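Accompanying notes for the structure given below.
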Amino acid sequence: MRGRVVADCVGLLAERLPLLWRALFAKLDDALNDLADKSTNDLSYRVYFDARAILVKQRQRLQSDFLRRVAQRAGHLVGRNRAPEPKPVNGVGAESAFGDLALLAESELEEILATENLVSKAESRYRSDLMEIDLRLSALMGWGEVGLEENPFAPSALCHAFRDTLAALPPFEPSVKLVVYKLFDRHVMDRLGDFYRTCARHLEPFSSEAAILSARGRPTSTPAMPTRGIPSSRERPSSSSDSLSVPFDALRTLLARQRPIATASKDSGRVKIATAELLALLDNLDVAPDPVTGHPAGETFLSEQLSAALSGEGGPRYALAERDEDTLDLVFLFFEHLLAGGAIPDPIKVLIGRMQIPVAKMALLDKTFFSDDTHPARVLINNIGRAAIGWSDADGRDADSLFGMIERVIERLLLDFDGDPKLFARLDRYFRAFLAREVARGAGVDGDTPSLPREGLSIGLRSAGGVIVDADRAGVSVDADPAQTQVAGALADRLAPYAQIPGAVEVILYEGWSAVLLAIHRTRGADSPDWQAALELIDRLLWSVTAKRTAEERRQLLHRIPHLLETLRRQLAEVGCDPRLTARWLGELQTLHLDVLQGSARGAVLGGSDAETERSIRASSPVPCGCAIGDWIDWACPDGGRVRLNLVAWNPARDELLFFDRQGRRPTRFSARGLAEAIGAGRVSILGNGETPLADQALRAMLTSLSEVSFDG
């Protein structure tokens, strides 16, 4: 069936193509005729006149050849029984009748760039329609995701089919090809919207909603919040050493050992309150911050409120059922340890402290809160704690800030929790969607940042806010998400061995490729093959702009350029990079490649040692001051404010540690000596890496506390 459905889509294109083709070749006839008439010499005249004659004569053949190539690609998709292995994109062969390598490189690269520009513009123009077609094709094929690179009707497939069709004709001058591509964009690619919409409608009846949801990577039973870029708790790498699950009855046993033996008399004459009534009673309580300190009230505050409510004046005196009392005591003790220490900022502690009521109600109904490390309430607490460790007052407390989002989530818990644990899961998706949007905003690009000189780790990070602040000599008003800091550290690690890198390459890496790395880290993880492939592309990109000393090296470069450009363009498009910026970046990269192919030494120059050797030396050098890559510090700045920074890179050769704020911005540099002095003076405290789940950390501390009390007794 799928063969017939895809063939029907080819037929839809075949129905529309003749009209588009006639318009294209009518304009080509006029344009090339005008250029021939305006030529100032016989050579130019013959170039345009002969090209016009060939194209007009071969119009029908080109149309049928173009459709044949599209149908052939569609047939390959239908005939495949599994997802394809990653493979290079074949470019036009480097060897040809042209003898001058520089001239061949220039003409070929101009054609490649023209094609890439067409693809970028069309993918941006038809983004929503293409996404829908990809999803429906994925559901129809049944063997995995069909992305833009596999979609036989995607702009990339159509533009490359057109390029291959032209390649079968006698070679044209670059000026002729540019005219052809420009008019193909205007009269064919610009007018495919109706085809894509019709194609999506045609595919709809043959792909069930469940299959489409599965293709999107979502469960079919529950609608999901848009959380692209933020892995769910189950998608995160498991950490058996950090997670902790303790059976509720084991905790009760430890709790009973620390209580006085004679406690039954205190409940004499009291009425045992049912769990349902206790839940209603908890609805009338709240955990307000201490009015003097502003810090969250401790567990005794809530216990006293509850005791007062149970011993109401003029009415019956109530007592808790033993199991319910143990549950509340354990929850209160859990929050006491949850809010201890300095990893979470005090204003966030106040907010988290208010979660005691909904978590207590949850635990009364569902004792697996203590034993299940994937319990929705624990997952939400962990995600809030992981995000909050880097927050400081410099981030603000308005509604659009992290503080405001945490506040809204907890208010919703207090108002809406009715015993259904799914509320925690829904609010967790809501919270992670906010983090994803925050990441997307942080990955926004600036168009025209000037190039800065590089010195070791002293990199002007364009997407990270500019020049590094030297913390040893200056104050700064600053304040990273583990994924963002790992991306920044990976880029710094890859680039540090180079003494000089062209500004155009730095812009591509920091303004564009960093977003690709971030998306891969969040969706597939830093241990995935895709992450390693993305890092290796950085090495290939840097190699491509390094001076080539022999003709053989230049030939190797020429072979690799098409795949490199195609990979850059496709993956930048997948993360939503502005196609105009992508086109400009690739144009600047083309200029660098032409220089290298012509023997220029304007490319990147390696530093004092080979890149891999340099990386191995850095990897084997321990980070000073008791820090580790990924650790957070709390810094009392010279201007009186406090900020939180994350260590992303350490360069022992320059004695420099590079830090970023929570949003991966405003890089800050400490020397090892300067950081040690700041720690000794109490201006800097090390907070850890924030990766140990907050709820599990509190549960472990609670278990230790109960065990010690039991042993002492």
Side-chain angles (χ1 to χ4, degrees), residues 3-37 39 44-78 90-93 96-97 107-108 110-112 114-115 117-119 121-122 126 151-199 202:
R4 176 175 57 83
V5 174
V6 174
D8 288 345
C9 291
V10 176
L12 292 173
L13 180 62
E15 290 175 3
R16 287 159 175 76
L17 189 61
L19 182 61
L20 302 177
W21 215 254
R22 281 197 298 271
L24 166 63
F25 278 83
K27 292 297 182 181
L28 269 175
D29 190 9
D30 293 340
L32 293 174
N33 190 54
D34 288 343
L35 288 170
D37 289 342
S39 297
S44 296
Y45 177 84
R46 296 306 306 177
V47 165
Y48 293 118
F49 185 83
D50 291 347
R52 170 181 169 274
I54 293 172
L55 289 169
V56 170
K57 182 178 179 180
Q58 299 292 333
R59 190 184 82 177
Q60 290 301 324
R61 176 191 163 193
L62 291 172
Q63 177 181 317
S64 60
D65 193 22
F66 175 77
L67 269 177
R68 180 182 59 80
R69 293 178 187 276
V70 174
Q72 187 178 42
R73 188 179 180 108
H76 289 162
L77 176 68
V78 172
N90 293 328
V92 179
S96 75
S107 61
E108 189 171 4
E110 285 181 356
E111 183 175 3
I112 291 170
T115 307
N117 287 341
L118 299 190
V119 173
K121 287 172 59 180
Y126 305 121
N151 184 342
F153 313 111
S156 177
L158 299 183
C159 289
H160 285 95
F162 185 68
R163 189 181 76 179
D164 293 343
T165 299
L166 289 181
L169 296 178
F172 294 122
E173 290 293 321
S175 58
V176 173
K177 287 186 177 181
L178 292 178
V179 172
V180 174
Y181 284 125
K182 181 178 180 180
L183 293 176
F184 178 75
D185 181 38
R186 183 178 302 169
H187 296 284
V188 177
M189 299 305 296
D190 264 358
R191 302 182 183 184
L192 291 177
D194 179 62
F195 162 70
Y196 283 132
R197 288 187 292 272
T198 306
C199 190
H202 181 74

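By convention here, the first residue in the shown sequence is residue 1. Note that the structure is a prediction, hence the values are computed from the model and not measured.
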message = Going by salt bridge (charged side-chain N to carboxylate O under 4.0 Å, His left out), name the residues that satisfy it together with R46, two or more places apart in sequence or in a different chain.
response = D50
key: Pairwise distance CG(L166) to CD(Q58) - rounded to 0.5 angstrom   = 11.0 Å
request  = Working to the nearest 0.5 Å, report the span between CZ of F66 and CZ of R163.
outcome  = 13.5 Å
inquiry  = I'd like to check L169 versus L55 (side-chain heavy atoms, cut-off strictly below 4.5 Å). Are they in contact?
reply    = yes
request  = Please name the pair of heavy atoms, one in V10 and one in A74, separated by the smallest distance, quoted to 0.1 Å.
outcome  = CG2-CB, 3.9 Å
message = Are the side chains of F25 and L62 in contact, using a 4.5 Å heavy-atom criterion?
response = yes
query = Can you list every pair that meets salt bridge (charged side-chain N to carboxylate O under 4.0 Å, His left out) and has a residue in residues 53-68, with sequence neighbours left out?
reply = D65-R68, D65-R69
query = V70 and A161: which non-hydrogen atoms are nearest, and at how many Å?
reply = CG2-CB, 4.2 Å
request  = Scan for side chain to side chain donor-acceptor pair (under 3.5 Å) pairs involving residues 12-21, sequence neighbours excluded, and state none if there are none.
outcome  = R16-D194, R16-T198
Could you tabulate the donor-acceptor pairs under 3.5 Å formed by side-chain atoms of residues 182-193, not counting sequence neighbours?
residue : atom : partner : partner atom : Å
D185    : OD2  : K121    : NZ           : 2.6
H187    : ND1  : R191    : NH2          : 3.4
D190    : OD1  : R125    : NE           : 3.2
D190    : OD1  : R125    : NH1          : 2.8
D190    : OD1  : R125    : NH2          : 2.6

query = Roughly how far, to the nearest 0.5 Å, is CZ of R197 from CG of L12?
reply = 13.0 Å
inquiry  = Which heavy atom of A51 sits nearest to which heavy atom of L32, and what is that distance?
reply    = C-CD1, 4.2 Å
task = For F172, enumerate each residue passing the ring pair (Phe, Tyr, Trp, His ring centres under 6.0 Å) test, keeping only those at least two apart in sequence or located in another chain.
result = none
message = Tell me the closest heavy-atom pair linking V119 and P155, and the distance in Å.
response = CG2-O, 4.0 Å
ask   = So do Y196 and C9 actually touch side chain to side chain, heavy atoms under 4.5 Å?
value = no
inquiry  = Treating Y48 as the side-chain partner and S175 as the backbone partner, does any N or O pair qualify as donor plus acceptor under 3.5 Å?
reply    = no
Which residues share a salt bridge (charged side-chain N to carboxylate O under 4.0 Å, His left out) with D29, sequence neighbours left out = R52
message = Return the CZ to CG distance between R73 and L158, rounded to the nearest 0.5 Å.
response = 9.0 Å
query = Taking all non-hydrogen atoms of both residues, which atom of L77 and which atom of P152 are closest, and how far apart?
reply = CD2-CD, 3.5 Å
